[in-house]
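As structure tokens, the structure follows; a few thoughts come after it.
What's counted below: heavy atoms across the whole structure, side chains too, no hydrogens, waters or symmetry copies.
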Amino acid sequence: MGIKGVSSAPGDFIYFKSQVPLHRIPIGTKQWRYYDFGPKVVPPLICLPGIAGTADVYYKQIMFLSMKGYRIISVDIPRVWNHQEWIQAFEKFLDAIDVHRIHLYGTSLGGFLAQLFAQHRPRRVKSLILSNSFIETKSFSAAMPWAPMYAPGIRDGPHEPFIADSVDFVVSQVEMLSREDLASRLTLTVDDASIGPLLLPDSSITIMDTNDYCAVPLQLKDQLNERYSEARRAYLKTGGDFPFLSRPDEVNLHLQLHLRRVGVEARPDLVQVIPKADSDSGPSEKKDETGGDDDTHEDDNEHNGSSPSENQTPPAPESPEPHSIEDRLLDNAEACYLANEMLVSTHGENKVLVAVLLLRYVQMIYVGCLMLGMKDAGSSHLLSFIPNR
């Protein structure tokens, strides 16, 4: 399956739930709800949602990247009431699932919590991908009287279809959260704090923002960009607050570029082929009959325990479609990043030459997108790779 497959039938939520088991484990007084999919030998990319998100909101990333041989873990933010409690709880969670070196992808509040963990547990975090995020909560704290009435990322009004669908999906997830869960997340957002210096170099950070409406104020996004001035940029022309749902093709491409750049080697050879004849009785359809009645979420496909199944591997593409076009697209995108940086750092006649090279790479990416059936994505990539300086 190529990139196009993410937004087609195999990537929809019903198919995802039929293939990927949900895990619940108690650690101390905290209940963790998460997905863990892909080859266990690959260092995981852990996805942290914002206030309005759950582990389910990253299902398009889990399905697509696991098919490429990456390991993706998506978690619910547990019910914690201060930042120190978050750091301790998340570290215990990583210990419980036997994961020691991680890459973090966080959006909005999830991005702030990812930075917080990287600051206080620097040996465990190898890289960061931050989307529509911030480095301090003072602005939210100043708006404290209105905070309980506000859910970042959910805005009334007309949207383009894909963004409207992403909002509807997140709203459906919010309705599954308890008042206590929402209250704890709002508390983490308005609890006055800021991110201190990170030992992680800027070269191991990617900032992926949308250029249309976003609930995170522009000045907070500017602060984050100034803090990590040498980080890689991945701008999406549109996508709203939930580009991982509304623009999954572009987000997944940028995630792959980041993982490649920080040295995470995918293992497509460990992606298991699941015969269609066995689809009605596969191991992923086992249901846990011991699930607690007091859990907030009700899911049809869950596993309880301290760790995922050892033999769990992602479903394979429906047909042995060659990946040469997609690999070429990724290589072109990497080269385009390089040309972008050269264009920013050169002057005079050399700048004209690099600009020509850059436009040629952009054209190659756009043509590649068209070949993969991603006309809209091609247009957005063309804009996202042009330097903004």
Side-chain angles (χ1 to χ4, degrees), residues 47-54 57-58 61 77 83 86 104-119 128-157 159-160 162-164 166-167 169-171 173-174 177 182 184-196 198 202 205-229 231-248 250-251 254-255 258 380 384 388:
C47 306
L48 302 177
I51 288 179
T54 65
V57 300
Y58 295 111
Q61 284 66 55
I77 297 174
H83 299 136
W86 153 254
L104 289 174
Y105 167 39
T107 59
S108 189
L109 174 63
F112 179 79
L113 296 178
Q115 295 171 79
L116 199 66
F117 190 77
Q119 176 188 342
L128 292 173
I129 308 167
L130 308 173
S131 179
N132 293 336
S133 194
F134 44 89
I135 62 171
E136 52 91 4
T137 58
K138 184 177 181 180
S139 299
F140 300 115
S141 179
M144 182 66 178
W146 298 275
M149 304 297 293
Y150 176 63
I154 298 180
R155 178 178 65 127
D156 293 331
H159 300 282
E160 62 174 282
F162 288 114
I163 294 179
S166 73
V167 172
F169 184 86
V170 173
V171 168
Q173 296 299 304
V174 172
L177 295 174
L182 284 172
S184 69
R185 297 180 186 192
L186 286 167
T187 300
L188 292 174
T189 304
V190 301
D191 188 15
D192 194 355
S194 61
I195 302 298
L198 302 185
D202 284 6
I205 300 174
T206 293
I207 298 175
M208 179 165 48
D209 285 342
T210 54
N211 286 336
D212 56 352
Y213 169 82
C214 175
V216 176
L218 182 59
Q219 62 267 27
L220 294 187
K221 295 170 73 172
D222 288 343
Q223 285 180 5
L224 186 139
N225 277 280
E226 291 173 6
R227 169 67 66 86
Y228 310 117
S229 59
R232 292 294 182 98
R233 265 60 176 184
Y235 294 114
L236 282 65
K237 181 181 177 183
T238 62
D241 286 278
F242 315 115
F244 43 87
L245 289 167
S246 62
R247 295 288 182 268
E250 297 173 67
V251 169
H254 287 306
L255 292 178
H258 174 89
S380 299
S384 66
N388 63 342

Those residues at least two apart in sequence (or on a different chain) that pass ring-ring contact (aromatic ring centres under 6.0 Å, His included) with Tyr58 are Tyr105, Phe244
Any chance you could lay out the side-chain contact (heavy atoms from CB on, under 4.5 Å) test for Arg232 and His258, step after step, and finish with the verdict? CA-CA 9 Å; Arg232 292 294 182 98; His258 174 89; over 6 Å; no
Heavy atoms of Leu130 and Gly111 approach each other most closely as CD2-O, 3.6 Å
Can you find a heavy atom in the side chain of Thr206 that is under 4.5 Å from one in the side chain of His254? no
Measure across Ala52 and Val174 and return the closest heavy-atom pair with its distance rounded to 0.1 Å. O-CG2, 3.2 Å
Take Leu48 and Thr107 through the side-chain contact (heavy atoms from CB on, under 4.5 Å) test and state the conclusion after the steps. CA-CA 7 Å; Leu48 302 177; Thr107 59; over 6 Å; no
Could you tell me if the side chain of Gln61 sits less than 4.5 Å from the side chain of Pro248, heavy atoms only? yes
For Leu128 versus Ala118, what's the shortest heavy-atom pair and its separation? CD1-CB, 4.2 Å
Taking the side chain from Asp212 and the backbone from Gly239, do they hold a donor-acceptor pair closer than 3.5 Å? yes
Taking the side chain from Thr137 and the backbone from Asp191, do they hold a donor-acceptor pair closer than 3.5 Å? yes
Taking Arg227 for its side chain and Asp222 for its backbone only, find out whether a donor-acceptor pair lies under 3.5 Å. no
Rounded to the nearest 0.5 Å, what separates atom CZ in Phe242 from atom CZ in Phe169? 11.0 Å
The side-chain contact (heavy atoms from CB on, under 4.5 Å) partners of Asp202 (sequence neighbours excluded) come to Ile205, Tyr228, Ser229, Glu230
Partners meeting side-chain contact (heavy atoms from CB on, under 4.5 Å) with Gln119 (sequence neighbours left out): Leu116, Ile195, Leu198
Test your reading of the model: is there a side-chain donor-acceptor pair from Asp241 to the backbone of Ala215, 3.5 Å cut-off? yes
Quick one: does Thr210's side chain have a donor or acceptor within less than 3.5 Å of a partner on Leu236's backbone? no
Hits for side-chain hydrogen bond (donor to acceptor under 3.5 Å, both in side chains) against Ser133, two or more places apart or cross-chain, chain-then-number order -> none
I need the Leu109 CG to Asn132 CG distance, nearest 0.5 Å. 13.0 Å
Determine yes or no for a side-chain-to-main-chain donor-acceptor pair under 3.5 angstrom, with Ser246 supplying the side chain and Phe162 the backbone. no
Do the side chains of Ile129 and Leu104 get nearer than 4.5 Å, heavy atoms only? no
Any non-hydrogen side-chain atom of Leu186 less than 4.5 Å from a side-chain atom of Ile51? yes
What residues, two or more places apart in sequence or in another chain, satisfy side-chain hydrogen bond (donor to acceptor under 3.5 Å, both in side chains) together with His83? none
I'd like to check Val251 versus Met208 (side-chain heavy atoms, cut-off strictly below 4.5 Å). Are they in contact? yes
Output yes when a side-chain donor or acceptor of Arg247 lies under 3.5 Å from a complementary backbone atom of Leu245, and no otherwise. no
Could you walk me through whether Ile77 and Leu188 pass the side-chain contact (heavy atoms from CB on, under 4.5 Å) test, one step at a time? CA-CA 10 Å; Ile77 297 174; Leu188 292 174; 4.2 Å; yes
From OG (Ser139) to CG (Asp192), nearest 0.5 Å: 9.5 Å
Rounded to the nearest 0.5 angstrom, the CG-CG distance for Leu182 and Leu177 is 5.0 Å
Backbone N/O of Tyr235 and side chain of Asp209: donor-acceptor pair under 3.5 Å: no
Evaluate the criterion side-chain contact (heavy atoms from CB on, under 4.5 Å) for residue pair Lys221 and Phe134; output intermediate values, then yes/no. CA-CA 6 Å; Lys221 295 170 73 172; Phe134 44 89; over 6 Å; no
